[in-house]
6 protein chains.
Amino acid sequence: MCSNIRPFLLVNNNKRVLEKIMRRYSSSTGSAQYETLAVSVPKKYVYHVELNRPAKLNTFTPAMWKELSTCFSTLSETPECRVIVLSGQGKHFTGGIDLNGFIENASKAHELSDVARKARFLSYLIKEYQDGITALENCVKPVLAVVHNACVGAGVDLITAADIRYCTEEAWFQVKEVDVGLAADVGTLQRLPKVIGSASIARELCFTARKVPSKEALDIGLVSKVFSDKDSAIKEVLEVAQTIASKSPVAVQVTKQSLVYSQSRPTCEGLEHIRLLNMTMLQSDDLSKAAISQATKTEAEFDDL
Amino acid sequence: MCSNIRPFLLVNNNKRVLEKIMRRYSSSTGSAQYETLAVSVPKKYVYHVELNRPAKLNTFTPAMWKELSTCFSTLSETPECRVIVLSGQGKHFTGGIDLNGFIENASKAHELSDVARKARFLSYLIKEYQDGITALENCVKPVLAVVHNACVGAGVDLITAADIRYCTEEAWFQVKEVDVGLAADVGTLQRLPKVIGSASIARELCFTARKVPSKEALDIGLVSKVFSDKDSAIKEVLEVAQTIASKSPVAVQVTKQSLVYSQSRPTCEGLEHIRLLNMTMLQSDDLSKAAISQATKTEAEFDDL
Amino acid sequence: MCSNIRPFLLVNNNKRVLEKIMRRYSSSTGSAQYETLAVSVPKKYVYHVELNRPAKLNTFTPAMWKELSTCFSTLSETPECRVIVLSGQGKHFTGGIDLNGFIENASKAHELSDVARKARFLSYLIKEYQDGITALENCVKPVLAVVHNACVGAGVDLITAADIRYCTEEAWFQVKEVDVGLAADVGTLQRLPKVIGSASIARELCFTARKVPSKEALDIGLVSKVFSDKDSAIKEVLEVAQTIASKSPVAVQVTKQSLVYSQSRPTCEGLEHIRLLNMTMLQSDDLSKAAISQATKTEAEFDDL
Amino acid sequence: MCSNIRPFLLVNNNKRVLEKIMRRYSSSTGSAQYETLAVSVPKKYVYHVELNRPAKLNTFTPAMWKELSTCFSTLSETPECRVIVLSGQGKHFTGGIDLNGFIENASKAHELSDVARKARFLSYLIKEYQDGITALENCVKPVLAVVHNACVGAGVDLITAADIRYCTEEAWFQVKEVDVGLAADVGTLQRLPKVIGSASIARELCFTARKVPSKEALDIGLVSKVFSDKDSAIKEVLEVAQTIASKSPVAVQVTKQSLVYSQSRPTCEGLEHIRLLNMTMLQSDDLSKAAISQATKTEAEFDDL
Amino acid sequence: MCSNIRPFLLVNNNKRVLEKIMRRYSSSTGSAQYETLAVSVPKKYVYHVELNRPAKLNTFTPAMWKELSTCFSTLSETPECRVIVLSGQGKHFTGGIDLNGFIENASKAHELSDVARKARFLSYLIKEYQDGITALENCVKPVLAVVHNACVGAGVDLITAADIRYCTEEAWFQVKEVDVGLAADVGTLQRLPKVIGSASIARELCFTARKVPSKEALDIGLVSKVFSDKDSAIKEVLEVAQTIASKSPVAVQVTKQSLVYSQSRPTCEGLEHIRLLNMTMLQSDDLSKAAISQATKTEAEFDDL
Amino acid sequence: MCSNIRPFLLVNNNKRVLEKIMRRYSSSTGSAQYETLAVSVPKKYVYHVELNRPAKLNTFTPAMWKELSTCFSTLSETPECRVIVLSGQGKHFTGGIDLNGFIENASKAHELSDVARKARFLSYLIKEYQDGITALENCVKPVLAVVHNACVGAGVDLITAADIRYCTEEAWFQVKEVDVGLAADVGTLQRLPKVIGSASIARELCFTARKVPSKEALDIGLVSKVFSDKDSAIKEVLEVAQTIASKSPVAVQVTKQSLVYSQSRPTCEGLEHIRLLNMTMLQSDDLSKAAISQATKTEAEFDDL
């Protein structure tokens with residue numbers, strides 16, 4: 001019977017409702033909001049999102065997928081947030097999916113007796129997981145990921161949806177999914193080849209599930225820079241973030257929208273898209289503010305967006 | 001008159017029919033099947049396809065295009081085949097298209113008196129050649145190409161349709177087509193820029209037809225690794241193949257299907273595609289087998305696919 | 001009122017008309033044709049287009065966008081032109097957009113009282129600028145860009161629409177747009193990620209507007225080669241151009257058409273496109289000329305295209 | 001300043017949260033759930049959604065867009081719902097958008113001082129409205145719309161996202177948007193030409209905003225059938241709904257998914273999509289149940305989906 | 001185990017091989033070629049394909065899907081065939097899929113123990129069936145379908161892939177699939193809405209599986225004309241076919257290629273496609289022949305294509 | 001040699017230059033501007049374009065293709081033009097392409113000795129013709145075509161690019177191209193099936209080249225209305241035009257842009273496109289003007305666009 005789906009979703013929804021209520025009355029950026037994420041504002045306009053299950057290697061629980069979705073879509077609409085840095089609490093960035101949560105969901109599917117009903121259930125589940133990752137791409141603010149130590153399975157799906165990737169020397173990456181008997185289905189197969197630009201290497205990593213050390217990650221273009229350790233990485237990436245945050249939010253966010261839209265489309269379609277955006281955005285006050293700032297070598301103060 | 005096409009096709013078809021009959025009664029993997037290819041099974045689940053005209057630099061004859069098509073679509077549907085290694089017999093990987101065969105076909109076109117009829121004939125011919133190459137991409141099993149010495153013209157078309165490329169130190173590559181007065185029309189112009197990720201270099205190679213040595217091939221991402229010689233290359237690539245073959249065929253083959261589909265489409269379409277695949281594939285027994293294998297550190301035994 | 005647009009366009013059009021008349025009666029390749037570009041023919045079949053406002057850092061004026069459009073579409077249809085080398089007169093390749101011209105246009109938009117009318121005006125303006133850049137891509141002859149010293153803002157838009165990029169050691173690149181308060185809207189966001197193949201780096205450059213020195217440009221695949229200075233760069237690139245110019249124009253130009261068309265489309269669509277092109281082009285005399293040339297090791301003489 | 005957006009959204013979200021809580025504890029289908037919609041279950045598996053602001057001509061308030069979104073996405077995931085009939089309470093189907101709500105939102109936009117910030121606000125608003133309409137299309141259960149008397153503006157957007165349209169004799173339709181100074185932006189321009197199949201008529205209706213009586217609506221294919229009055233329309237459409245509800249939910253819902261996906265895509269892509277769906281769905285028990293039902297002329301009892 | 005697939009396919013392939021051999025040595029158009037189809041040449045250049053299982057209501061057996069594929073791809077490449085008329089032997093056009101054959105295949109799938117392996121098997125099966133239908137669309141010669149009496153299920157899939165549809169007065173149509181527990185997966189859901197142009201009616205027919213009489217078929221645009229009985233229908237349609245066959249094969253076949261390609265693509269892509277076709281085809285002799293024919297009011301004699 | 005192209009194009013360009021100069025100094029709407037078109041302004045904001053070669057059945061000369069392109073792109077940018085009515089001077093709408101002009105161009109192609117060079121020449125020629133037709137679609141103002149008497153060949157290409165079609169009782173239509181030995185290549189094959197919504201009828205008309213009388217044109221949706229004679233047709237269509245012209249130009253023109261863009265794209269892409277347009281356009285003053293106009297039942301006065 002399919003009736004198993006409903007209670008499951010109901011419980012989830014109610015929980016979500018309660019979370020939302022609590023969140024609204026807590027401070028708007030504190031970690032209190034989320035069970036699996038920590039959100040802070042280390043610098044003006046710069047938000048820091050941390051995977052926050054350090055005792056469990058920051059593995060992805062069912063709650064985490066939902067919270068990623070909520071967190072990044074909320075930040076996308078939070079005017080005072082201009083750039084987001086993403087890292088993990090503790091030693092490891094993330095060990096990938098949490099097996100207990102995964103088995104729990106899988107067993108729910110197995111209780112359904114018919115292939116079509118199981119498929120429908122799984123389809124919704126995959127969609128929910130995908131939405132958690134895609135929330136980074138849909139977020140109009142740039143997301144800078146800082147990987148430290150392990151970045152496994154779902155972790156790779158996550159960072160390939162970020163805009164820029166950095167890592168520490170001891171970091172390593174693993175497209176783990178084939179080892180657990182499934183094809184990666186929340187983004188790596190779609191985004192990794194576009195991120196690193198070499199289909200040859202992307203396919204090798206996806207087929208063999210071998211570990212990629214930080215140096216190779218740099219060589220193949222998976223990360224933009226390698227830092228000696230986590231502290232210095234966070235420190236320097238926050239500075240990059242600050243630089244970006246100091247620029248016109250209109251300029252930065254429209255840049256991201258255009259880059260994401262144009263990625264896998266014929267150039268002419270991307271050009272039409274930016275034309276529609278900029279016929280409006282060029283009427284913004286940010287242009288003259290930036291022009292004056294450039295001319296006078298002073299810092300511009302842009303309104304939030 | 002167009003009547004010249006028919007006899008040509010009839011002869012070909014009859015020959016194909018005879019080949020097919022012979023093939024069914026010969027051993028299912030032996031070289032006896034094919035005139036221009038040698039197929040062997042060096043390791044369980046790992047098939048080795050060799051271009052087999054070493055006396056003629058493994059150049060592409062009309063028969064070879066057809067046999068590539070038949071061979072890779074057959075292996076795609078052969079359950080006990082899980083990974084394919086592709087190389088050439090003899091010293092050279094391939095010298096490209098066989099000029100005699102090409103001239104023969106060209107002269108057939110010239111016998112037709114009308115431009116439209118010639119164009120129709122050529123259109124079918126190009127389609128047949130393209131299908132020979134695309135068969136590697138349509139094959140749901142990963143194809144690992146090992147290039148040794150010359151890889152010229154059609155050879156580059158061929159390997160860019162493989163999943164991963166390796167080569168030996170003395171290997172060299174040449175997008176030769178402009179030198180013989182035509183634009184490459186069986187895949188290089190479509191796939192090379194996506195394989196190496198740099199439009200700048202891809203265009204230079206296609207416009208100048210200059211030779212690319214193995215070291216540069218590695219630097220630009222055309223190959224994933226360079227080996228000292230052919231023997232060690234084959235040996236090590238067979239080991240990579242064995243590693244891939246030991247994993248769940250569901251996981252590996254769905255991974256390939258998703259990578260190929262998503263390559264030049266917007267990310268959201270690729271995500272929908274893998275969702276449709278995995279709502280079924282996550283119901284497979286391979287998941288629990290792989291989970292147990294990972295937990296117990298024992299090798300899983302997966303059914304063929 | 002929208003009536004401000006008309007006079008502006010009228011004046012422009014009349015000027016264009018006069019330019020066109022003058023151009024027709026001047027020598028067909030001399031710099032006399034253009035106000036902002038210099039066109040010469042240093043070698044048979046090889047055209048050299050130079051940005052020609054050295055006193056103003058070759059910055060982009062309203063006239064320059066239009067002339068780029070005219071120049072490259074004219075060369076595309078000029079049979080005796082087979083390859084184009086693009087560089088700047090003077091020390092710098094280009095300092096990007098000319099602020100005076102930009103402000104002049106912006107103030108025209110501001111005279112319009114309604115957002116919708118401003119948007120329409122800006123939409124036409126962006127389209128005109130985009131067309132100036134896209135003219136390089138639509139030109140069926142290969143365009144080789146040689147960057148020396150500064151290549152800022154619109155300069156990056158320009159060179160990413162070229163086929164191959166080279167630079168000198170002291171060259172540097174800057175995606176400047178966010179610094180002046182706008183998202184790049186004439187091509188960089190669409191083309192840069194495809195040119196260099198790494199989304200990670202492309203986004204960093206677009207968000208931070210930091211300068212990229214020549215060495216990094218080579219490492220990330222933005223340029224194919226770095227030369228010690230401008231003279232040797234021009235000299236050697238002209239030789240590459242000559243090599244390309246010596247080949248069949250049918251082969252070279254169809255190669256470009258296919259590469260451009262296939263760039264962001266599924267492979268099967270690119271294959272159909274080249275099949276339609278080559279069912280005609282393989283009937284050309286260039287094939288037999290090239291075949292004889294290859295066989296006899298003599299230079300072929302191809303007709304113009 | 002942009003800070004006006006936040007309070008607005010906050011208020012809305014809180015309201016949504018409260019609504020959700022209330023909904024969960026009320027009967028799952030009763031009108032108590034929604035402020036602007038009435039949901040009932042007149043027949044087993046058949047849900048009836050009514051626009052429920054009869055005193056206000058069922059005009060669209062900000063709440064209604066959200067509730068349409070919630071209602072149809074909830075019904076999409078409600079297993080016991082198999083078909084949905086959509087009509088309006090009272091005499092008129094709908095008078096279109098509620099001007100007070102629209103002005104309220106518009107004034108919020110006008111409080112923002114910068115064009116870019118206004119545009120961002122409006123973009124979110126249009127998206128929210130579009131999502132309310134698209135929820136009918138995304139709902140995997142067939143939606144049968146019954147139009148009675150006025151169907152104006154947003155009403156046409158709404159019914160063109162339904163699967164089948166019926167109306168009463170006195171019904172009339174009006175693509176009203178140009179009359180209020182804007183281009184329709186929540187679906188009519190995208191869906192109407194595909195629904196009626198004639199671009200000629202679709203454009204005339206959109207440009208002139210003229211009223212279309214029921215008879216013409218039938219002739220141009222906007223509706224499938226005209227009934228004498230509302231009562232008989234509802235009665236007979238509920239019977240059609242019951243017929244559909246008696247069939248395999250797998251068959252019916254996959255049919256809708258495939259029809260929606262294939263609508264504006266090349267046929268080959270639609271065929272691949274249904275192949276991926278049916279490689280699973282043909283494994284369902286519904287097939288044998290339906291086969292037995294057909295053979296024995298007895299009614300099949302299918303599980304919910 | 002998946003090994004059940006192989007023997008099945010092997011047997012099929014051998015059978016195909018034998019069929020092919022037999023076919024080559026029989027008359028090239030006689031019914032001897034096919035088990036389930038009858039092919040004749042009632043008029044010069046006009047081929048008549050008949051579903052040929054009259055004793056079984058011309059239901060679709062596994063063999064028929066394959067033979068449709070072979071027959072229409074062969075006729076596409078048969079120069080002397082210029083137009084094809086399609087009808088059924090006996091009273092009924094077709095009763096749809098043959099249940100015995102379908103159950104046989106379904107039971108093969110059920111022998112496989114794993115969902116993923118079943119899905120792979122079903123995926124190949126659906127593809128083979130789809131290819132049988134799509135062969136009509138891929139055939140470059142126009143296909144005119146004449147429906148008489150029943151046209152059920154797969155029959156509708158078949159005729160919507162034809163170019164023009166005619167029927168007799170007593171004909172009726174039924175999109176039967178939902179009644180047998182599955183979504184139509186061989187073309188109706190993709191093509192029917194495009195054929196009749198009204199999404200409203202298409203969806204009603206697909207959801208309710210109700211019968212459509214000939215008069216309604218004409219009204220909704222499913223057929224172009226209704227004839228009083230089968231004999232007069234065949235007679236008059238053969239005359240339409242003869243008219244088409246008398247025209248330039250280049251003109252007619254390129255017209256079909258362009259119509260099929262452009263159906264669901266943006267107009268600009270369709271225009272580029274026809275431009276690539278006609279830059280060749282306008283060089284054909286057919287133009288001057290047709291011009292002379294028009295000028296002199298004499299019949300032109302065109303070469304085969 | 002290809003040199004034949006150049007003089008031809010040069011002459012043309014010079015002529016175009018002269019035309020442009022003359023045009024600027026003549027009255028901006030008078031027929032003096034064009035050789036083959038007459039442009040007048042019968043009502044405020046309503047422009048009337050007439051094919052103006054009545055002595056030659058308004059057949060399409062090389063000049064007419066160019067002038068259509070110039071005329072409609074100029075009117076698209078002419079603020080005071082809001083709607084365009086298109087008809088022919090004299091009895092016939094148009095007899096299609098002028099054979100003399102066509103033969104002249106064809107003979108130019110034949111002077112070229114190589115297939116590839118001919119193809120390039122023809123490709124440019126077709127493009128120029130296509131651009132003449134597509135100019136109607138790219139024009140952001142609605143185009144209402146009034147067909148009287150003959151509308152043959154290129155005439156059908158022309159009117160299918162208009163927004164709405166009307167005709168007189170004695171009007172007839174003919175997709176003539178197959179009769180002159182070529183596939184229609186300037187728009188009919190792309191647009192006709194979308195205009196009339198029935199693929200069945202569209203293909204019949206394209207394959208048989210039979211004449212369609214006005215009554216059938218109405219029945220199949222090719223025209224929206226049939227008028228008794230030309231005078232009353234022009235009179236009443238001018239009134240429709242006036243109605244459209246009285247509405248907000250922002251509303252009307254954005255409506256057209258959205259309809260054209262969305263025609264053959266998935267609905268979600270069309271919705272994103274209109275969202276980008278309207279996030280700007282909803283900030284226009286036209287909204288409040290129209291709202292006041294609706295509320296006060298007075299005519300609004302909108303600024304030009």
Side-chain angles (χ1 to χ4, degrees), chain A residues 99 102-103 105-106 109-110 115-116 118-127 129-131 133-134 137 160-161 175-194 196-210 220-221 260-261 263-266, chain B residues 83 142 144 160 162-165 191 194-198 220-225 240 243-244 247-248 250-259 261-271 273-291 293-295 300 302:
Chain A
L99 280 187
F102 187 68
I103 288 166
N105 273 326
H110 282 144
V115 173
K118 285 181 196 178
R120 176 67 61 86
F121 174 86
L122 289 165
S123 168
Y124 285 142
L125 201 67
I126 300 169
K127 181 73 169 62
Y129 287 14
Q130 289 181 343
D131 287 350
I133 301 294
T134 299
E137 196 170 276
T160 50
V175 184
K176 180 76 176 172
E177 280 86 345
V178 287
D179 271 354
V180 292
L182 74 157
D185 55 10
V186 293
T188 289
L189 302 186
Q190 284 67 47
R191 296 188 182 98
L192 181 62
K194 294 170 189 170
I196 67 176
S198 166
S200 211
I201 295 162
R203 296 201 181 180
E204 191 211 326
L205 301 183
C206 294
F207 288 138
T208 62
R210 75 167 171 81
I220 66 177
V260 167
Y261 182 87
Q263 184 160 49
S264 295
R265 294 178 205 261
Chain B
V83 190
L144 318 184
T160 51
D163 292 283
I164 316 178
R165 280 149 297 281
R191 296 188 181 100
K194 294 169 189 170
V195 163
I196 67 175
S198 167
I220 65 178
L222 177 55
V223 298
S224 291
K225 208 167 185 177
V240 175
T243 301
I244 298 174
K247 298 179 193 293
S248 152
V250 171
V252 168
Q253 294 172 26
V254 173
T255 293
K256 174 159 181 181
Q257 285 180 280
S258 178
L259 281 162
Y261 182 88
S262 303
Q263 184 159 51
S264 295
R265 294 176 205 262
T267 298
C268 60
E269 291 186 24
L271 289 172
H273 184 259
I274 185 70
R275 205 159 63 231
L276 290 174
L277 279 166
N278 264 9
M279 74 183 188
T280 306
M281 296 313 177
L282 294 183
Q283 299 184 38
S284 165
D285 296 336
D286 284 27
L287 248 88
S288 49
K289 285 185 183 175
S293 156
Q294 289 276 313
F302 300 103

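Chain letters run A, B, ... following the sequence lines, proteins first and then strands; every chain starts at 1.
Ranked by heavy-atom pairs shorter than 4.5 Å toward chain A, the options B:V83, B:V254, B:V195 are led by B:V195. For the set A:R210, A:E177, A:R265, the count of heavy-atom pairs under 4.5 angstrom toward chain B peaks at A:R265. With respect to chain A, the highest number of heavy-atom pairs below 4.5 Å among B:L277, B:L276, B:I244 belongs to B:I244. Most heavy-atom pairs under 4.5 Å with chain A: of the set B:P266, B:G197, B:S248, this distinction falls to B:P266. Contact count against chain A (heavy-atom pairs under 4.5 Å) is highest for B:G270 among B:G270, B:S288, B:A162.
When atom types are taken as modelled, the side chain of A:Q130 and the backbone of B:L271 share a donor-acceptor pair closer than 3.5 angstrom.
Proximity to chain A (any heavy atom under 4.5 Å) is restricted, for B:L222, to the backbone atoms N, CA, C and O. Neither the backbone nor the side chain of A:T188 comes within contact range of chain B; no heavy atoms are under 4.5 Å apart. With a 4.5 Å cut-off on non-hydrogen atoms, A:Y129 does not touch chain B at all. Contacts between B:I196 and chain A at a heavy-atom distance below 4.5 Å involve the backbone alone (N, CA, C, O). In this structure, no portion of A:A109 lies under 4.5 Å from any heavy atom of chain B. Residue B:K256 touches chain A through both its backbone and its side chain, counting heavy-atom pairs closer than 4.5 Å. Neither the backbone nor the side chain of A:V260 comes within contact range of chain B, judged by heavy atoms closer than 4.5 Å. The part of B:S264 that comes within reach of chain A is its backbone (N, CA, C, O), which places non-hydrogen atoms under 4.5 angstrom from that chain. Proximity to chain A involves both the backbone and the side chain of B:R275, based on heavy atoms less than 4.5 angstrom apart.
By the 4.5 Å heavy-atom criterion applied to side chains, B:L282 and A:I126 are counted as neighbours. The closest side-chain heavy-atom distance from A:C206 to B:L259 is below 4.5 Å. In this structure, B:T267 and A:Q263 have side chains that are in contact, with non-hydrogen atoms separated by less than 4.5 Å. Between B:M281 and A:L182, the closest side-chain pair of non-hydrogen atoms is not below 4.5 Å. Using a 4.5 Å heavy-atom cutoff, the side chains of B:N278 and A:L122 are not in contact.
Counted within 6.0 Å of NZ on B:K289, heavy atoms from surrounding residues, nucleotides or ligands total more than 12; the atom is thus considered enclosed.
Residues B:S224 and A:S200 bring a donor and an acceptor atom of their side chains to less than 3.5 Å of each other.
Using a 4.0 Å cut-off between charged side-chain N and carboxylate O, A:D179 and B:K247 make a salt bridge.
Taken from NZ in A:K118 to OG1 in B:T280, the straight-line distance is 11.5 Å, to the nearest 0.5 Å.
Of all heavy-atom pairs between B:A290 and A:V180, the closest is CB-C, 3.4 Å. Taking both residues in full, the closest heavy atoms of A:F207 and B:D163 are given as CE1-CB, 3.9 Å, listed atom of the first, atom of the second, then distance. The minimum heavy-atom distance linking A:S198 with B:G221 is given by the pair OG-O, 3.6 Å.
Applying the side chain to side chain donor-acceptor pair (under 3.5 Å) test between B:S262 and each of A:K194, A:R191, A:Q190 identifies A:Q190 as the sole match.
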